[in-house]
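Reading through the structure tokens given below for one structure.
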2 protein chains.
Amino acid sequence: MTLIKPFRELCAEHGIAVTHQRQVLYEVMQGMDGHPSPEEIYARVKRKIPSISLATVYKNIHLFVESGVLREVSLHHGSQRLEMNAEEHHHLVCSKCKSIEDIDESSLGALPKRRKLADGFLVERYSVDVIGICAKCQ
Amino acid sequence: MTLIKPFRELCAEHGIAVTHQRQVLYEVMQGMDGHPSPEEIYARVKRKIPSISLATVYKNIHLFVESGVLREVSLHHGSQRLEMNAEEHHHLVCSKCKSIEDIDESSLGALPKRRKLADGFLVERYSVDVIGICAKCQ
DNA sequence: CAAATAAACAGTAATTATTACTGTTCAATA
DNA sequence: TATTGAACAGTAATAATTACTGTTTATTTG
């Protein structure tokens, strides 16, 4: 039996107001697994609240992410960025301003050895995002 | 003095044809640092080849990435994805089909200790993409 | 309790990023 | 030199997201 914290409580903790749309949105999302897109979430929520607007879904997903109620798969979504640093390296990513700074592989420390991680998945390389707050944003 | 491998040679290695546009595009990109977007690259290339089309820039960036001439910052660009797995985990990302599978933190192995990584960057967490080829794509 | 106020909402327009399409040019080869 | 396919420029179309506008809702205050 999973202990599900009441939504109202979750909102209080993260300092956001409770609305009907947000509650349903949150519950529907909890019922999905994997890594759904806003459109996919919208399609599901629409079954419960047919009048809901796509814009509301976007706005509230954004609000949930901002307030820390849930996470996005990657901070790098949006437009494509090309990597001009040919050295093996990783990234410091600011969760506020989304800025990206390179850190070279060695300065990160030893990464786990590449081994069998999943059935048949052929590992090429690791890409590590160190997520946090950059100097400017603090 | 950096040894720059001639572009023709690079193309031969990666099995793509040499054209004037590609050569200039590549050289301009080498002269940029950080993590430029296609639009930013386009703006620069336009100074050398004013008649170049944005579509050509996109197509050739895509070709470079596909053929391994250069890399993109993240395989997760595009539409936003939400994380429904509340456990601490990381991702197996297929470089062909871009599919994402979760692996929990423990199965990855010990990550380096969080320590001072850069001036004033406050580390919150690590997000690791294990990049490779999934079973289906092999 | 009623009026005022602000936040949230639905619906839609606009913007941004990217891809698709079409006719033309180019480059290698027969 | 004629042929042929890939690459190109220019533009239309699509996808993802955000902005905008008028309405509804919830809360606070007189």
Side-chain angles (χ1 to χ4, degrees), chain A residues 7-8 10-12 14-29 35-67 69-70 72-82 97-98 100, chain B residues 7-8 10-12 14-29 35-67 69-70 72-82 97-98 100:
Chain A
F7 183 66
R8 328 187 63 79
L10 196 66
C11 286
H14 291 89
I16 69 176
V18 181
T19 72
H20 178 60
Q21 282 85 343
R22 280 174 199 168
Q23 173 132 27
V24 174
L25 176 62
Y26 181 78
E27 280 161 9
V28 166
M29 290 180 79
H35 313 92
S37 67
E39 283 282 353
E40 287 163 356
I41 294 164
Y42 171 61
R44 290 251 198 152
V45 177
K46 224 173 154 54
R47 304 210 291 248
K48 304 243 171 154
I49 311 179
S51 69
I52 203 167
S53 164
L54 177 58
T56 299
V57 170
Y58 267 102
K59 265 195 10 161
N60 285 322
I61 288 174
H62 198 248
L63 180 72
F64 288 162
V65 171
E66 288 286 285
S67 65
V69 171
L70 54 84
E72 47 194 342
V73 168
S74 165
L75 298 182
H76 300 294
H77 76 92
S79 89
Q80 187 186 35
R81 292 306 168 105
L82 284 306
C97 70
K98 318 294 194 229
I100 304 166
Chain B
F7 182 66
R8 328 188 62 81
L10 195 66
C11 286
H14 291 90
I16 68 176
V18 181
T19 71
H20 177 60
Q21 282 85 343
R22 280 175 198 167
Q23 172 130 26
V24 173
L25 175 62
Y26 181 79
E27 280 163 8
V28 165
M29 290 179 80
H35 313 92
S37 67
E39 282 283 353
E40 286 163 357
I41 294 164
Y42 172 61
R44 289 250 199 153
V45 177
K46 222 172 156 56
R47 304 210 291 247
K48 303 243 172 152
I49 311 179
S51 69
I52 202 167
S53 165
L54 177 58
T56 298
V57 171
Y58 266 102
K59 266 194 12 156
N60 285 322
I61 287 175
H62 197 248
L63 180 73
F64 288 162
V65 170
E66 289 287 283
S67 64
V69 171
L70 55 85
E72 47 194 340
V73 168
S74 165
L75 299 182
H76 300 294
H77 76 94
S79 90
Q80 187 185 35
R81 293 305 168 104
L82 283 307
C97 69
K98 317 294 193 230
I100 304 167

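Heavy atoms only: backbone and side chains are in, while hydrogens, waters and symmetry mates are out. Proteins get letters first, then strands, A, B, ... in listed order; numbering begins at 1 in each.
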Backbone of A:V18 reached by a side-chain donor or acceptor of A:R8 within 3.5 Å: no

Give the rounded distance in Å between these two atoms: [atom1] of [X] and [atom2] of [N].
X: B:E66; N: C:dT18; atom1: CD; atom2: P; answer: 15 Å
X: A:I16; N: C:dC9; atom1: CD1; atom2: P; answer: 10 Å
X: B:Y58; N: C:dT18; atom1: OH; atom2: P; answer: 4 Å
X: B:I49; N: C:dC26; atom1: CD1; atom2: C1'; answer: 14 Å
X: B:Y42; N: C:dA17; atom1: OH; atom2: C1'; answer: 14 Å
X: B:K59; N: C:dT19; atom1: NZ; atom2: P; answer: 12 Å

Reported CD-to-NE2 distance for the pair B:E72 and B:H62, which is rounded to 0.5 angstrom: 7.5 Å

Rounded distance (nearest 0.5 Å) linking atom CD1 of B:I100 with atom CZ of B:R81: 6.5 Å

Under-4.0 Å side-chain N/O to phosphate OP1/OP2 contact, A:T19 with C:dC9: yes

A:K48, NZ atom: more than 12 neighbouring heavy atoms under 6.0 Å: no

Taking every non-hydrogen atom, the tightest pair across B:S79 and A:H77: O-CB, 4.2 Å

Upstream residue (5' side of DNA chain D) when B:Q80 and B:T56 are each assigned their closest nucleotide: B:T56

Residue whose closest nucleotide on DNA chain D lies nearer the 5' end, B:P50 versus B:A17: B:A17

Along DNA chain D, first and last positions that approach a heavy atom of chain A under 4.0 Å: D:dA16 to D:dA19

Toward the 5' end of DNA chain C, by each residue's nearest nucleotide, A:L63 or A:A55: A:L63

Flag side-chain contact, heavy atom, 4.5 Å: B:E39 against B:L54: yes

Working for side-chain contact (heavy atoms from CB on, under 4.5 Å), residues A:L82 and B:V65: CA-CA 9 Å; A:L82 284 306; B:V65 170; 3.9 Å; yes

Sugar-phosphate, base or nothing in reach of B:L54, heavy atoms under 4.0 Å: base

